[in-house]
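Working notes for the structure below.
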Amino acid sequence: MADKLIIFDTTLRDGEQSPGASMTKDEKLRIARQLERLKVDVIEAGFAASSNGDFECVKAIAHAIKDSTICSLARANDRDISRAAEALKGGHSTRIHLFLATSALHMEKKLRMTPDQVFEQAKLSTRFARNLSGDVEFSPEDGYRSDPDFLCRVLEAVIAEGATTINIPDTVGYAIPELYGNFILDLRNRIPNADKAIWSVHCHNDLGMAVANSLAGVKIGGARQIECTINGLGERAGNCSLEEIVMAVKTRRDYFKLDLGIDATQIVPASRLVSQTTGFVVQPNKAVVGANAFAHASGIHQDGVLKARDTYEIMRAEDVGWATNKIVLGKLSGRNAFKQRLQDLGIELESEAEVNAAFAKFKELADRKSDIFDEDILALVMDESVTTEHYRLLALSQHSEMGERPQASVAFAAGAVEHHAQSDGNGPVDASLKAIESKLQSGAEMLLYSVNAITSGSTESQGEVTVRLQLGGRVVNGVGADPDIVVASAKAYLSALNKLHSKVERVAAQG
Ligand code: KIV
Ligand code: ZN
C-alpha cells in the first residue's frame, strides 16, 4: 500500500493573513464546511490567541466539523497554547500548532533571544502543549534559513517532548526545490528520533516555487504532510496552492506513489467560495481552477481534443468539479428547492426569517436573470448577511449618456441614519461612490477596483465587484454582486467600509 499524503489546509489562517482577506465567523464556517466536503485532513482554523474574533472562529469550527482535524496556531508560550486548547475543547479531532523562529536573523532581530533561550522555550512549550493535546505540531519559523545544526538540536528535543508533526516552513519563499528537498532529507537523516514524527512542508510562493518546493520536500525529503491554501491565497505572493498539489500528486501517481484522501470534485467549488468570500479573483490561466484551465482556443488543440481527449488534456475538467457549474434554480423554483440548495452548498442560515429574506432576494434575482447558478446563490447569501451590517445600500439610480457627465443618486443607511446623496463623476461607478463619500468622508484610499462576471458565458451573468480600501494602515476587501455593475460597485464599496468600521484587533500572525 502507498503512503498517505496528509493535506493540511491553512486558508483560514495563513491565507487570511493576505491583506484584505479577513473573513467573518460565518464566512470561515462556510469555508470550513467546504474544506470538510473536500476531505481535507487538517484544517488550520485560525490563531486563537490573536484576537477574540479568531478564538470564536476556531471554537465554532472545532464544534461544527467532524471529518477533518481542526488546528489552531499558537506562539510557543503558555498563554497562547492555553487559548488554543480552550478554543479547540470539545472538538472531534484537534491539533495545536506551535511556532517559534529559529533562524539567526529572526532570533536576534525579532525575538531578541539567544539560541539557548529559543531551545529551552521550544522544549518547554512543546511539553506544555503535549499535556493539553495528543496532537502537537511544531514549526521552526524561518526554518529553511536556519542553521541545520541548531535546527537538529531543537527538533530532536521537541520530538522527545512529544511533538507529533514537524513542519519546516520556508517562511519567506527563498527555497529552490532540490535544495529544500535535500534540506529536509538531511534533517531526517541526522535527527535520531526523526521517525517518531510526521514531517511536513510549508512553502511560500515569493519566487513562484511553493508548489515545486513542497513536492520536492515530499519526493526528496520524505515529508508526508503538505501545508497549502485554496487558490494559493496568502500574504505577499501567497502560499502553496492546494489544487495544484492535489492534482499533481493524483495525475502523476506513477511518480509520487502516494495516496490522498481528497475528493477532487470539490476543488472548483472550494476555489469559487474562497474567491467570492475574499474578493481575491482567480487569474484565468491559473492551473486547475482558472477559467481557462480546460479551454482550448487553438483549432489544432480543439480538433485533437475532439478526436481523443488525452491528446491535449492530462486531467478531466469534471474530475476537479467544473461540471458542477450547472443551472440549479430558476424563477419557478420554490422555497423548499431553494432551502435544499442552500443545504447542499453547506450554507446554514440561522433562522427561518433569514431563509425567507434570502428567498425573497432569490426571487427578485430570478426575475432579472433566468438561470441561477450556485455562484449566484453564494453571492446572494453573502449579500444577505450585509443587511445586518452598519452601512447598507437602500437605493441607487444613475444617468449616463455618451458625451455627458454621469450623475448618480444613492440612498444608504449608516446604522439607524438614512443618507441621500448625489454626485457626478467620470463614469456612473465613480459618480455613485463619490455620492457615498460626499456623506461619509471616510478618507479611505482605494487600492483596487475590479469587476468580474460571476458565471462565465454571457452578459446575463451577475457582475461581481471587488473594492480594496486602505485606511490607517488597515487594508480590507469588499465584495458586491448584482446584475447591474454600478449597484454591485456601491455594494462592494459599502461592504469594504463595513469591514473598516468593525475594528478587529489582532496580534500580527507570522509568515
Ligand atoms: O510561514 C510560516 O513560517 C508560518 C508558520 C507560522 C508556520 O506560517
Ligand atoms: Zn506561512
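Start at 1 and go down the list; that is how both ligands and their atoms are numbered. The chain is numbered in sequence order, starting from 1.
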### Query
Do you know the tightest heavy-atom contact between A264 and M247?
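Smallest interatomic distance, heavy atoms only, reads CB-SD, 4.0 Å.
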#### Entry: Taking every non-hydrogen atom, the tightest pair across A379 and I454
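Looks like CB-CD1, 3.6 Å.
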#### Entry: Side-chain donor/acceptor of S50 to backbone N/O of F47, under 3.5 Å
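Such a contact is found between S50 side chain and F47 backbone.
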### Message
Within the 4.0 Å heavy-atom shell around P169, which atoms of ligand 1 are there?
### Response
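What qualifies from ligand 1 is 2 (C), 3 (O).
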### Task
Below 4.0 angstrom from a heavy atom of E141, which ligand 1 atoms are there? Numbered from 1 as shown, please.
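Taking each heavy atom of E141 in turn, ligand 1 has 3 (O) under 4.0 Å.
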What about [X]: any of its N or O atoms under 3.5 Å from an N or O on ligand 1?
X    : result
H202 : yes
D142 : no
S139 : no
H204 : yes
H97  : no

### Query
What residue among N205, D14, T229 forms side chain to side chain donor-acceptor pair (under 3.5 Å) with N239?
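Going through the options one by one, the only one that passes is D14.
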### Message
Tell me which one of K4, H202, E137 satisfies side chain to side chain donor-acceptor pair (under 3.5 Å) with Q225.
### Response
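Going through the options one by one, the only one that passes is E137.
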### Message
Given the Zn ion (ligand 2) as the apex, I'd like the angle to NE2 of H204 and NE2 of H202, rounded to 10 degrees.
### Response
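Seen from the Zn ion (ligand 2), NE2 and NE2 are separated by roughly 100°.
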### Query
Side chains of K286 and S241: do they bring a donor and an acceptor to under 3.5 Å?
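There is such a pair between these side chains.
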### Task
For the residue pair D142 and T171, confirm or rule out a side-chain donor-acceptor distance under 3.5 Å.
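D142 vs T171: no donor-acceptor pair found between side chains.
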### Query
R13: heavy atom below 4.0 Å from ligand 1, yes or no?
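Per 4.0 Å heavy-atom rule, R13 contacts ligand 1.
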### Query
Side chain, backbone, both or neither: which part of D14 has a heavy atom under 4.0 Å from ligand 1?
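Only the side chain of D14 comes within reach of ligand 1.
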### Query
With a cut-off of 2.8 Å, does any N, O or S atom of D14 fall short of it relative to the Zn ion (ligand 2)?
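Yes - counting backbone and side chain alike, D14 has an N, O or S atom under 2.8 Å.
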### Query
With under 30° as parallel and over 60° as perpendicular, where do the rings of H390 and H501 fit, or are they tilted in between?
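Correct class here is parallel.
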